[in-house]
Protein chains: 2
Amino acid sequence: MQRTQSAVRYSEEEEVLARIAKALAHPVRVRILRLLLSESCCFTGQLTDFIPMAQSTVSQHLKVLLEAGLIQGDINPPKVRYCVNRENWAKAEAVMKAFFVLPVLGQCDCS
Amino acid sequence: MQRTQSAVRYSEEEEVLARIAKALAHPVRVRILRLLLSESCCFTGQLTDFIPMAQSTVSQHLKVLLEAGLIQGDINPPKVRYCVNRENWAKAEAVMKAFFVLPVLGQCDCS
DNA sequence: TGGCTTGATCGTATATTTACGATGAACTAA
DNA sequence: TTAGTTCATCGTAAATATACGATCAAGCCA
């Protein structure tokens with residue numbers, strides 16, 4: 001059994017899926033995405049009305065989603081309107097689906 | 001705009017999805033799951049042959065997946081055989097699917 | 001101009017994650 | 001019993017994530 005490291009290289013799929021998952025890995029970001037998805041259109045700082053957290057914290061989570069490409073912002077001072085990035089959202093869905101579609105093969109007598 | 005906190009409560013769905021996503025949020029864990037899924041059956045420490053990391057680190061990642069319920073281990077000393085927990089895997093797939101199935105509603109003129 | 005609103009960013013504290021080597025526990029084989 | 005194998009756990013270091021208040025920037029309105 002190998003016991004030391006030797007430069008880990010991940011495949012594109014591994015990296016991409018992990019990156020998407022990381023963006024979804026906090027309940028507040030899940031909520032933000034659901035709010036953006038369920039509203040008829042984009043959203044603004046009303047987000048902070050639905051999310052009982054400091055404004056700066058919400059902004060930080062928005063940044064994470066933004067950097068993951070899952071949302072985009074329309075700067076319209078003094079307001080900013082956020083919405084789901086449809087293209088990347090579809091990509092994320094496809095990546096997730098492809099991952100879960102892998103069948104659990106064969107029989108296994110694990111306890 | 002709200003600027004201070006006031007006890008954040010998340011819905012079950014928000015918590016569950018974030019928990020699953022967190023388990024998938026590292027490329028090595030994605031790889032481990034793919035290995036377990038693609039092999040005809042369970043797996044053992046051969047994992048460390050496919051993953052160039054310290055054995056203790058792989059074990060740590062296995063623990064994360066284990067605690068998320070995505071895999072299970074069959075202790076068969078001195079070996080341990082891991083496999084995907086089919087039931088929870090199906091649940092995870094359902095939760096993910098339900099999340100992504102939310103349509104991106106309406107039109108949006110975000111930049 | 002001065003003050004208001006919105007929202008990002010900064011500085012900071014704390015918690016969690018990630019990685020490693022070393023060690024320990026459990027069982028097998030000699 | 002002794003030695004070897006497999007794998008978890010411990011201890012630790014470094015990086016990242018999370019949350020907050022304070023502040024800054026941009027634009028509005030009076």
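These numbers come from the heavy atoms of this one structure, side chains and all, not from hydrogens, waters or symmetry mates. In what follows, chains are A, B, ... by sequence order, proteins preceding strands, each numbered from 1. Bear in mind the structure is a predicted one, so any value in this text is a computation, not a measurement.
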Output the single nucleotide from [options] whose closest atom is nearest the side chain of [X].
X: A:A54; options: C:dC20, C:dG7, D:dG21; answer: D:dG21
X: B:P78; options: D:dA19, D:dT6, C:dT6; answer: D:dT6
X: A:Q60; options: C:dG21, D:dT18, D:dC7; answer: D:dT18
X: B:S59; options: D:dT9, C:dA8, C:dT6; answer: D:dT9
X: A:L62; options: C:dA8, C:dT28, C:dC20; answer: C:dA8

Between [atom2] on [N] and [atom1] on [X], what's the gap in Å once rounded to a whole number?
X: A:N76; N: D:dA25; atom1: CG; atom2: P; answer: 21 Å
X: B:I75; N: C:dA25; atom1: CD1; atom2: C1'; answer: 11 Å
X: B:D74; N: D:dA8; atom1: CG; atom2: P; answer: 12 Å
X: A:Q72; N: C:dG7; atom1: CD; atom2: C1'; answer: 18 Å
X: B:D49; N: D:dC7; atom1: CG; atom2: P; answer: 10 Å

Exercise. Hey, what's the ring geometry for A:W89 with B:F100, parallel, tilted or perpendicular (30° and 60° as the breaks)?
Worked result: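 Tilted.
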Do the non-hydrogen side-chain atoms of [X] and [Y] ever get within less than 4.5 Å of each other?
X: B:Q72; Y: B:Y82; answer: no
X: B:I32; Y: B:F50; answer: no
X: A:I71; Y: A:L65; answer: yes

For this session: Check A:R31, A:R29, A:H26 against B:E14 for a side chain to side chain donor-acceptor pair (under 3.5 Å) and give me the one that passes.
Result: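 By the side chain to side chain donor-acceptor pair (under 3.5 Å) criterion, B:E14 pairs with just one of A:R31, A:R29, A:H26: A:R31.
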Listed pairs, N/O of protein and of nucleotides 15-17 of chain D, under 3.5 Å:
unit_1: D:dA17; atom_1: OP1; unit_2: A:K22; atom_2: NZ; d: 3.4

Exercise. Does A:Y82 place a side-chain N or O at less than 4.0 Å from the phosphate oxygens OP1/OP2 of C:dA8?
Worked result: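 Yes, within the criterion.
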Exercise. Between A:H61 and D:dA19, is there a side-chain N or O to OP1/OP2 distance below 4.0 Å?
Worked result: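 So the side chain of A:H61 is within the cut-off, an N or O lying under 4.0 Å from OP1 or OP2 of D:dA19.
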Exercise. Applying salt bridge (Lys or Arg N to Asp or Glu O under 4.0 Å), which residue pairs with at least one partner in residues 94-104 of chain B are found, sequence neighbours left out?
Worked result: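 Every candidate salt bridge (Lys or Arg N to Asp or Glu O under 4.0 Å) pair involving residues 94-104 of chain B fails, so no pair, neighbours aside, qualifies.
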Exercise. Listed by chain and number, what are the side-chain hydrogen bond (donor to acceptor under 3.5 Å, both in side chains) partners of A:E13, not counting sequence neighbours?
Worked result: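 Listed in chain order: B:R34.
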Exercise. Taking atom types as they are modelled, is there a donor-acceptor pair under 3.5 Å from the base of C:dG21 to the side chain of B:S56?
Worked result: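 Answer yes: a donor N or O sits under 3.5 Å from an acceptor.
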Exercise. Ignoring hydrogens and angles, does a donor from either the side chain of B:Q55 or the base of D:dA8 sit under 3.5 Å from an acceptor on the other?
Worked result: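 Counting by modelled atom types and ignoring angles, a donor-acceptor contact under 3.5 Å is found here.
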